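The model shown is predicted, which means the values in this text are computed figures rather than measured ones. Order of the sequence lines sets the chain letters (A, B, ...), proteins ahead of strands, with each chain counted from 1.
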Amino acid sequence: MKMKSPIRERDFYLQPVVDVARALIGKSLVHQIGDQAVAGIILETEAYDGEQDQACHARSGKTKRNAVMYGPAGHAYIYFTYGMHWLLNCVTGSEGYPAAVLIRSIHPTRGLEMIAQNRMDITPALWCDGPAKLTRALAIDGTLNGCDLCQKTGVLRVEEGITIPEELIQAAPRIGIGYASEPWKSKPWRFTAQMLPSRIDELIK
DNA sequence: TCTTCGATTGTCT
DNA sequence: GACAATCGAAGAA
């Protein structure tokens, strides 16, 4: 029988945001919908670090939209963009310091039938390979903004997933932040797991 | 109040 | 590779 996954401690999210972004690779993101769960292994993240980071939403200070980022660590910062997309972040750092990790892609592991019902237009390999695609696949939207990711029975939570070797985690500049100035635009704060889906499925068994 | 634009995706050329 | 979709937040006026 599979071992019950312990939830992540809140202390995990109090580490520097870049460390959290790297450490979240391989963890399991779960959305509990009634008695059903939809989940996936986190494969790609990006770190956004404080008001000085010119790519971060907090670059102009606290606003209605980014307020959750200023709150306690371990909560979900979910925002709407491009008139149609929801993006999911994990808030990190002390309360009052705005930092968060954007979840850019996951490998779906649970609730595949549910995803399939809503995404018959594309092949499973493309279900969760983008930040807005994974929120759509897991049915995550603004109603979950600010919810606590550390609760054992939380609607949205992060659990232990699989261990991905350090050498398979690649760092690169963040995507879609052309508006930012240097050095922020080039900071290697995007982390991706270089692992085949088949290998991930093996590790989950 | 008005204008601009986005931590993206999907489609078309 | 270029660009439309689509709308609320943010900043300017």
Does a side-chain heavy-atom distance below 4.5 Å link A/Ile164 with A/Ile169?
yes
Min side-chain heavy-atom separation A/Thr45-A/Val20 under 4.5 Å:
no
Do you know which two heavy atoms are closest between A/Ala58 and A/Tyr70, and how far apart they sit?
CB-OH, 3.6 Å
Should the pair A/Glu44-A/Arg190 be classified as a salt bridge under the 4.0 Å nitrogen-to-oxygen rule?
yes
Among all residues two or more places apart in sequence or in another chain, which pass the ring-ring contact (aromatic ring centres under 6.0 Å, His included) test with A/Phe12?
none
Of all of residues 41-58 of chain A, which get a heavy atom below 4.0 angstrom from DNA chain B, listed by number?
A/Tyr48, A/Ala55, A/His57
Does a side chain donor of either A/Tyr48 or A/Asn66 reach within less than 3.5 Å of an acceptor in the other side chain?
no
Enumerate the residues from residues 120-127 of chain A whose closest heavy atom to DNA chain B is under 4.0 Å, giving them by residue number; use none for an empty result.
none
Classify the side-chain pair A/Thr153/A/Gln151 by whether it contains a donor and acceptor separated by less than 3.5 Å.
no
A/Leu88, A/Val38: one ILVMFWY side-chain cluster at the under-4.5 Å cut-off?
yes
Taking only residues two or more places apart in sequence, or in another chain, which ones meet A/Trp184 in a ring-ring contact (aromatic ring centres under 6.0 Å, His included)?
none
Does some side-chain heavy atom of A/Leu203 sit less than 4.5 Å from a side-chain heavy atom of A/Ile41?
no
Just the table, please: protein N/O against nucleotides 2-4 of chain B N/O, every pair under 3.5 Å.
none

Is there a residue in residues 171-193 of chain A whose heavy atoms reach under 4.0 Å of DNA chain C, and which residues are they?
none
Heavy atoms of A/Met114 and A/Ile33 approach each other most closely as SD-CD1, 3.8 Å
Gap between atoms OH and P, on A/Tyr79 and C/dA10 respectively (whole Å)
12 Å
Heavy-atom side-chain contact between A/Ile103 and A/Pro131 under 4.5 Å:
no
Does the side chain of A/Asn89 come under 3.5 Å of the side chain of A/His57 through a donor N or O and an acceptor N or O?
no
Going by number, which of residues 131-138 of chain A have a non-hydrogen atom under 4.0 Å from DNA chain B?
A/Pro131, A/Ala132, A/Lys133
For A/Arg174, the side-chain hydrogen bond (donor to acceptor under 3.5 Å, both in side chains) test, sequence neighbours excluded, returns A/Asp53
Taking salt bridge (Lys or Arg N to Asp or Glu O under 4.0 Å) as the definition, give me every residue that meets it alongside A/Lys133, ordered by chain and number, with sequence neighbours left out.
A/Asp129
Beyond-backbone contact of A/Tyr77 with A/Arg65, side-chain heavy atoms, under 4.5 angstrom
yes
Let me confirm one number: the OG1-CG distance from A/Thr135 to A/Asp141, rounded to the nearest 0.5 Å.
8.5 Å
Is the closest basic N to carboxylate O distance between A/Lys62 and A/Glu51 below 4.0 Å?
no
With a 4.0 Å cut-off, would you call A/Asp121 and A/Arg119 a salt bridge?
yes
In whole Å, I'd like the distance from the CG atom of A/Asp129 to the C1' atom of B/dT9.
10 Å
Hey, are A/Arg157 and A/Asp148 close enough for a salt bridge, meaning a charged N less than 4.0 Å from a carboxylate O?
no
Could you tell me the separation between the CD atom of A/Glu9 and the CG atom of A/Leu14, rounded to the nearest 0.5 Å?
11.0 Å
Between the protein and nucleotides 2-9 of chain C, which nitrogen or oxygen pairs are less than 3.5 angstrom apart?
unit_1 : atom_1 : unit_2  : atom_2 : d
C/dT6  : O2     : A/Tyr82 : O      : 2.4

Sorted by number, residues from residues 91-105 of chain A placing a heavy atom under 4.0 Å from DNA chain B are A/Leu102, A/Arg104
5'-to-3' dot-bracket of DNA chain C (Watson-Crick, G-U; under 3.5 angstrom; crossing pairs as [ ]; | other strand):
|||||.||||||.
Which heavy atom of A/Gly71 sits nearest to which heavy atom of A/Val91, and what is that distance?
O-CG1, 3.8 Å
